[in-house]
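Shown next, in structure tokens, is the structure this report addresses.
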Amino acid sequence: MTQPAVNNTLSVAEAISSRRSVRKYTNDQVSQADLNTILELTGKAPSAWNIQPWRFVAVRNQEVKNKLQAAAYGQGQVGSAPVVIAVYSNTAEALDTLADVIHPGVPAEQRQGAIDGILGAFAQRSPEEKEAWGLAQTNIALGYLSLAARSLGYDTSLMLGFDPAQVKEILGLPTHVQLAGLVALGVAAEEGYPHHRHAVEKITQFVD
Ligand SMILES: Cc1cc2nc3c(=O)[nH]c(=O)nc-3n(C[C@H](O)[C@H](O)[C@H](O)COP(=O)(O)O)c2cc1C
């Protein structure tokens, strides 16, 4: 795996605790090595049957970022962050390329059976249901991305405030894909808001 360019990576707990939505960025760049590491860590997210339906477009091009900013109702972090990543799922493509996700440890004579088993589980689902399923998996990767970035010392802003049809058109994505979010990525020029979260007791029932 690509080694992080920064040596002091945060623990998972430190990354979770220090992550904030950051909407102002310095002019510091995200190195290509760090970007690769962040995406490689993001791709370690789990998914049902290991189908990994998530796909990414990492945008540094200022002209394209400006267009994305307009599609995101003018949100400033889209135009000003050094990198904006579109996180989306393409379940149709993932199901067409299942041979890529069957573990190499599965013996050759069992591989087609494994693929057929997965395709059978989707046989009764409409294209829209398949894409909604893929989006649920991709949201796991979205969370991983924000924490992977933080662990390397970067900050992010996760966004759903955009017109998905416009974003797909700008990025040349097929209309059937589902966008999990736009993610602004860079070095924070502000602290963000302190966490304000429910207590565990409000969101959890313990059955002992
Ligand atoms: C899926 C998702 C979509 C969001 N969309 C936007 C957005 O469009 N614009 C924005 O400024 N913040 C957006 N946020 C950020 C949330 O407002 C923020 O995560 C929440 O208020 C908690 O603050 P924190 O991230 O600093 O802990 C989004 C967050 C998530 C997870």
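Numbering of ligands and ligand atoms starts at 1, following listing order. All residue numbers in this chain count up from 1 along the given sequence.
Side chains of Trp133 and Thr138 form no contact here, defined as non-hydrogen atoms less than 4.5 Å apart.
Contacts between Arg197 and ligand 1 below 4.0 angstrom, taking non-hydrogen atoms only, involve the side chain exclusively.
Checked by atom type and distance alone, the side chain of Lys168 never pairs as donor or acceptor with a backbone atom of Pro174 at under 3.5 Å. Between the Glu131 side chain and the Glu128 main chain, no donor and acceptor come within less than 3.5 Å of each other. Judged purely by atom type and a 3.5 angstrom limit, Arg111 has no side-chain atom pairing as donor or acceptor with the backbone of Ile115.
For atom 4 (C) of ligand 1, the closest non-hydrogen atom on the protein side is Leu158 O, 3.2 Å. Protein heavy atom at the shortest distance from atom 9 (N) of ligand 1 is Gln75 OE1, 2.8 Å. Regarding atom 8 (O) of ligand 1, its nearest protein heavy-atom neighbour is Gly161 N, 2.9 Å. Closest to atom 21 (O) of ligand 1 among all protein heavy atoms lies Arg23 NH2, 4.9 Å.
Residue-ligand proximity, Ser21 to ligand 1, at heavy-atom distances under 4.0 Å covers atoms 15 (C), 18 (C), 19 (O), 24 (P), 25 (O), 26 (O). For ligand 1, the atoms closer than 4.0 angstrom to any heavy atom of Gln77 are 11 (O). Listed by number with element, the atoms of ligand 1 under 4.0 Å from a non-hydrogen atom of His195 are 27 (O).
The distance from the CD1 atom of Ile51 to the NZ atom of Lys130 is 11.0 Å, given to the nearest 0.5 Å.
An N or O contact shorter than 3.5 Å links Leu160 to ligand 1 by distance. The shortest N or O to N or O distance between Tyr193 and ligand 1 is not under 3.5 Å.
Gln52 and Ser47 are not linked by any side-chain donor-acceptor pair at a separation below 3.5 angstrom, with hydrogens and angles left out of the test.
With respect to Arg55 and Glu93, a salt bridge is recorded, a charged nitrogen being found less than 4.0 Å from a carboxylate O.
Aromatic ring centres of Trp54 and Tyr144 lie farther apart than the 6.0 Å criterion allows.
Remark: distances from the non-hydrogen atoms of His196 to ligand 1 are all 4.0 Å or more.
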